[in-house]
Amino acid sequence: MKPIVMIILEHCPHCRNARRWMAELKEENPQYQTLPIEMIDEKLHPEVSKRYSYYYVPTYYVGDVKVHEGVPTKEIVRDVFDKALGKFENG
């Protein structure tokens with residue numbers, strides 16, 4: 001299992017959708033509930049967000065790898081979670 005870093009802006013509608021889908025997915029699939037997720041609001045923590053390379057929010061990193069940037073869908077969020085669980089490492 002790898003940690004997830006999610007870079008957001010509090011008032012971003014795409015970030016709100018992504019957070020809602022994250023909650024839904026955790027409710028639907030118990031194995032997602034244990035994923036370590038760090039949310040970094042770029043406005044509240046600019047010194048931390050500047051450590052990452054991105055243009056759009058939300059941006060997801062799994063481990064040290066950027067896996068998604070920009071407008072998400074529920075399927076994209078599911079893929080991020082699955083990558084964090086290591087489901088795509090061998091295929």
Side-chain angles (χ1 to χ4, degrees):
M1 181 180 313
K2 295 181 182 175
I4 297 170
V5 172
M6 180 185 185
I7 302 169
I8 64 167
L9 281 169
E10 182 181 350
H11 299 294
C12 165
H14 302 300
C15 297
R16 279 196 299 266
N17 286 337
R19 291 194 311 255
R20 185 187 55 182
W21 290 322
M22 289 166 60
E24 286 176 12
L25 287 164
K26 285 181 174 188
E27 212 170 285
E28 294 167 10
N29 190 336
Q31 69 184 24
Y32 294 152
Q33 293 175 11
T34 60
L35 288 170
I37 301 170
E38 178 183 5
M39 285 193 221
I40 301 168
D41 187 310
E42 73 173 30
K43 195 170 195 169
L44 298 176
H45 303 286
E47 71 287 349
V48 178
S49 67
K50 286 180 182 174
R51 295 182 201 155
Y52 296 90
S53 176
Y54 69 97
Y55 292 102
Y56 305 107
V57 291
T59 295
Y60 286 96
Y61 280 82
V62 173
D64 295 329
V65 178
K66 182 177 8 175
V67 295
H68 180 74
E69 179 174 1
V71 179
T73 63
K74 188 172 180 178
E75 287 306 310
I76 287 170
V77 175
R78 183 188 324 272
D79 288 346
V80 170
F81 282 6
D82 287 343
K83 286 176 183 170
L85 289 174
K87 289 189 175 187
F88 297 126
E89 289 182 11
N90 294 321

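For reference, positions follow the sequence shown, starting with 1. Side-chain atoms are counted along with the backbone in the values below, which use heavy atoms only and exclude waters and symmetry mates.
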* Would you say Glu28 has more than 12 foreign heavy atoms packed within less than 6.0 Å of its CD? ->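 Yes, CD of Glu28 has more than 12 neighbouring heavy atoms, counting only those of other groups under 6.0 Å.
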* Is it true that atom NZ of Lys43 has more than 12 heavy atoms of other residues, nucleotides or ligands lying nearer than 6.0 Å? ->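 No, because the 6.0 Å sphere around NZ of Lys43 holds 12 heavy atoms or fewer from other groups.
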Does [X] share a hydrophobic cluster with [Y], counting links as ILVMFWY side-chain heavy atoms below 4.5 Å and allowing steps through other members?
{"X": "Tyr55", "Y": "Leu9", "value": "no"}
{"X": "Val65", "Y": "Ile4", "value": "yes"}
{"X": "Val67", "Y": "Met6", "value": "yes"}

* May I ask you to decide if Gly70's main-chain N or O and His68's side chain share a donor-acceptor pair within less than 3.5 Å? =>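 Yes, because the side chain of His68 sits within donor-acceptor range (under 3.5 Å) of the backbone of Gly70.
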* **NE2 on His11 to CZ on Arg16, rounded to 0.5 Å** =>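 Arg16 CZ to His11 NE2: 8.0 Å, rounded to 0.5 Å.
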* **Distance, nearest 0.5 Å, that separates CZ of Phe81 from CG of Asn29** =>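 Between atom CZ of Phe81 and atom CG of Asn29 there are 9.5 Å.
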Tell me the closest heavy-atom pair linking [X] and [Y], and the distance in Å.
{"X": "Ser49", "Y": "Pro46", "result": "OG-O, 3.2 Å"}
{"X": "Pro72", "Y": "Val77", "result": "CB-CG2, 4.4 Å"}
{"X": "Ser53", "Y": "Tyr61", "result": "O-OH, 2.8 Å"}
{"X": "Met39", "Y": "Arg19", "result": "SD-CD, 3.5 Å"}
{"X": "Ala18", "Y": "Pro58", "result": "CB-CG, 4.1 Å"}

* Run the numbers on Met22 and Tyr32 for side chain to side chain contact (heavy atoms under 4.5 Å, CB included), then give the verdict. => CA-CA 9 Å; Met22 289 166 60; Tyr32 294 152; over 6 Å; no
Side-chain contact, heavy-atom cut-off 4.5 Å: [X] with [Y]?
{"X": "Tyr56", "Y": "Val71", "result": "no"}
{"X": "Lys74", "Y": "Leu25", "result": "yes"}
{"X": "Pro36", "Y": "Met1", "result": "yes"}
{"X": "Lys87", "Y": "Gln31", "result": "yes"}
{"X": "Tyr60", "Y": "Lys83", "result": "no"}
{"X": "Lys26", "Y": "Ile37", "result": "yes"}
{"X": "Ile8", "Y": "Ile40", "result": "no"}
{"X": "Ile7", "Y": "Tyr54", "result": "yes"}

* Asked: Where do Tyr52 and Val5 land on the side chain to side chain contact (heavy atoms under 4.5 Å, CB included) test, with the steps shown first?
  -> CA-CA 10 Å; Tyr52 296 90; Val5 172; 3.6 Å; yes
* Asked: Should Glu47 and His45 be marked as a side chain to side chain contact (heavy atoms under 4.5 Å, CB included) after you check the CA-CA gap, both sets of side-chain angles, and the distance that decides it?
  -> CA-CA 5 Å; Glu47 71 287 349; His45 303 286; 3.9 Å; yes
